[in-house]
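These notes concern the structure reproduced below.
The shown structure was predicted, so the numbers you read here are calculated from the model rather than taken from an experiment. Just the heavy atoms: all of them, side chains too, but no hydrogens, waters or symmetry mates, feed the values below.
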Amino acid sequence: MKNLINTLLGLGLSLTITACSLSADVNGKKVAETDIGGGGNSYKYDFTCNECKTGAHSFSSKESYCHALLDEGTNNSCCRRIREDDYKINCQ
């Protein structure tokens, strides 16, 4: 988590972290949002990097969530670094 925060801060991002969720903004534009185990055991994310979007994904199990984070096709080959960092934080 510390590495992700340092990486995001190094890119000039502001972070908001609340009860198992993470969102990051660049110049007021949301670039990453993760919600793990929020109401009803939902697992979802939606990342945008340099105009490349993973799209919004929602899963009913952590296993499916973690598998999808590493799947390039599911994520339009976008935001690989953020997805890998999210995987390290939430899935290992």
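Ring geometry for Y43 against Y65 counts as tilted: the plane angle lies between 30° and 60°, on a 0 to 90° scale.
Atom CD of E84 sits about 7.0 Å away from atom CG of L70, to the nearest 0.5 Å. One finds the SG atom of C52 at 12.5 Å from the CZ atom of R80 (value rounded to the nearest 0.5 Å). From I82, atom CD1 reaches atom CG of N75 across 11.5 Å, with rounding to the nearest 0.5 Å. One finds the NE2 atom of H57 at 9.5 Å from the CZ atom of F47 (value rounded to the nearest 0.5 Å).
Of all heavy-atom pairs spanning C91 and L69, the tightest one is SG-CD1, 4.1 Å.
Between C79 and C49, a gap of under 2.5 Å is found separating the two SG atoms.
For R83 (side chain) and A68 (main-chain N/O), no donor-acceptor pair under 3.5 Å exists by modelled atom type.
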Taking it one step at a time, do T54 and T48 satisfy side chain to side chain contact (heavy atoms under 4.5 Å, CB included)?
-> CA-CA 6 Å; T54 63; T48 302; over 6 Å; no
